[in-house]
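Remarks on the structure that follows.
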Amino acid sequence: MTAALYNKVSKTSKLGTLSWSLQAIETCPGSVGDDGELVAACSGCYATTGCYNFPDTKKVRADNKKAWQEAHWIQVMVKALQKQTHFSWFDSGDMYSLALAEKMLAIMAATPHVKHWLPTRMYKFTKFHNVLNAMQALPNVMVRYSSDAVDGTFGAGHGSTIIPAGAPVPAGVTVCTAPEQGGKCLSCRACYDKSVAVIGYRAHGKKMAKVIRIAAVAG
Ligand code: SF4
Ligand code: SF4
C-alpha cells in the first residue's frame with residue numbers, strides 16, 4: 001500500500017475533524033469563469049494566502065495528488081476513517097478528476113458511519129453530475145455546491161455562499177458561527193447536515209475584502 005506512505009488526512013485547527021485537501025487553484029477547474037478569469041469567490045480564496053503557502057502545507061497537498069492515483073488509496077482512506085464520525089473534503093482544492101471523484105464515492109459508500117462534507121465547484125461540468133448525484137444520494141454525505149458570489153447571493157442548488165462582513169443575512173442562509181468561536185467549529189456540524197440547505201461564510205482576510213470592494217464598485 002504505497003499510498004499510505006504519503007497520503008495525508010490532516011486535523012485542521014478550525015474544523016477539529018480530519019480533512020483531505022489538494023492545492024487550491026491548480027486542482028480547481030471550477031474556479032475559472034466563462035471569461036477565463038477567476039470567479040469572485042476564488043479570487044479571494046483563503047487557501048492561496050498565509051500558511052497555505054508554507055512549503056510543508058504545499059507538500060501535503062502535492063503528495064495527496066499523487067496518493068489518490070495509487071491502486072490502494074480507497075483502502076487506505078477507509079482505514080484512516082475507521083474511528084471517525086465526521087470527515088471534510090477539500091479545506092483547499094477541488095475534485096478535479098472524474099477518476100478521483102469515483103474513488104471518493106467508493107470511500108463515502110464504504111464508511112457509512114462517517115458524515116462526509118464535500119464543498120465543490122465541479123457541478124459546473126456535466127460529466128461530474130452522475131457521481132455528484134450518487135454522492136448526494138448517500139445518507140452520510142452532504143455535497144455543497146459553492147456559489148461563486150461574494151455578496152451573499154446564491155442560486156438554486158447552491159449549498160454555500162460568502163457574505164460580506166456586517167452585511168445582513170440573506171433569507172434561507174444559516175451563518176457559519178466559526179468567527180464568533182475563535183475561528184473554530186467547536187460542536188457545530190452544520191456543514192455536514194443535510195437539513196441545512198445553505199451555509200453563509202462571513203468573508204475574512206484582506207484578499208477577500210479587496211475582492212468584495214471591487215465587486216461592489218463593479219456591481
Ligand atoms: S474552488 Fe475553493 S479552494 Fe479552489 S480556488 Fe475556489 S475557493 Fe479556493
Ligand atoms: S457552519 Fe459550523 S461546521 Fe460549518 S465551518 Fe462553520 S462552524 Fe464549522
Side-chain angles (χ1 to χ4, degrees), residues 10-33 36-53 57-58 60-62 64-65 84-97 100-101 114-125 128 132 141-150 152 154 158-163 165 169-170 172-205 207-208 210-212 215:
S10 319
K11 194 157 193 165
T12 61
S13 58
K14 176 188 178 188
L15 303 173
T17 57
L18 292 184
S19 180
W20 189 89
S21 290
L22 295 171
Q23 189 63 39
I25 306 288
E26 78 169 56
T27 63
C28 306
S31 65
V32 180
E37 301 291 329
L38 288 177
V39 299
C42 296
S43 301
C45 174
Y46 61 88
T48 59
T49 64
C51 63
Y52 288 90
N53 289 322
T57 310
K58 285 188 161 184
V60 167
R61 282 150 177 73
N64 281 349
K65 195 176 178 191
Q84 302 303 311
T85 57
H86 293 79
F87 187 72
S88 67
W89 294 91
F90 302 119
D91 174 48
S92 67
D94 205 346
M95 197 175 63
Y96 68 101
S97 155
L100 167 61
V114 179
K115 288 198 184 308
H116 294 255
W117 159 31
L118 168 62
T120 185
R121 289 190 162 78
M122 297 312 293
Y123 61 85
K124 297 179 182 181
F125 304 96
F128 282 81
L132 284 167
V141 178
M142 183 58 195
V143 183
R144 292 198 180 274
Y145 293 174
S146 308
S147 165
D148 290 338
V150 293
F154 57 95
H158 284 149
S160 72
T161 187
I162 294 171
I163 308 175
V169 178
V173 172
T174 299
V175 180
C176 171
T177 49
E180 291 85 50
Q181 298 168 173
K184 297 183 188 302
C185 295
L186 300 184
S187 62
C188 178
R189 295 291 180 266
C191 288
Y192 306 78
D193 188 339
K194 278 180 181 290
S195 71
V196 180
V198 183
I199 305 270
Y201 302 105
R202 287 286 182 195
H204 62 93
K207 193 172 183 184
M208 183 58 84
K210 186 175 174 191
V211 169
I212 289 174

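Residue indices begin at 1 and follow the sequence shown. Atoms within each ligand, like the ligands themselves, are counted from 1 in listed order.
A donor-acceptor contact shorter than 3.5 Å links the side chain of Arg144 to the backbone of Gly159. Judged by distance alone, the side chain of Arg121 and the main-chain N or O of Ser147 form a donor-acceptor pair under 3.5 Å. A donor-acceptor pair is defined here as one N or O able to donate and one able to accept, closer than 3.5 Å; such a pair exists between the side chain of Tyr123 and the backbone of Ser146. In this structure, the side chain of Lys207 does not engage the main chain of Tyr46 through any donor-acceptor pair within 3.5 Å. When atom types are taken as modelled, the side chain of Ser31 and the backbone of Leu38 share no donor-acceptor pair closer than 3.5 angstrom. Counting only distance, with no hydrogens or angles, the side chain of Thr27 and the backbone of Gly93 share no donor-acceptor pair below 3.5 Å. Side-chain N or O atoms of Asn64 include none that pairs as donor or acceptor with a backbone N or O of Leu22 at under 3.5 Å.
Neighbours of atom 8 (Fe) of ligand 1 restricted to protein N, O or S atoms under 2.8 Å: the count is 1.
Close approach of ligand 2 to Cys191 is summarised as follows: ligand atoms under 4.0 Å from at least one heavy atom of the residue are 1 (S), 3 (S), 4 (Fe), 5 (S). Near Cys176, meaning under 4.0 Å from one of its heavy atoms, ligand 2 places the atoms 1 (S), 5 (S), 6 (Fe), 7 (S). Residue contact check: Cys188 has heavy atoms under 4.0 Å from atoms 1 (S), 2 (Fe), 3 (S), 7 (S) of ligand 2. Remark: ligand 1 atoms within the under-4.0 Å shell around heavy atoms of Arg121 are 1 (S), 2 (Fe), 6 (Fe), 7 (S).
Of the candidates Cys185, Ser187, Gly200, Pro119, the one placing a heavy atom closest to atom 7 (S) of ligand 2 is Cys185.
Applying the side-chain contact (heavy atoms from CB on, under 4.5 Å) criterion to Met208, with sequence neighbours excluded, gives Val150, Ile162, Ala203, Val211, Ile212.
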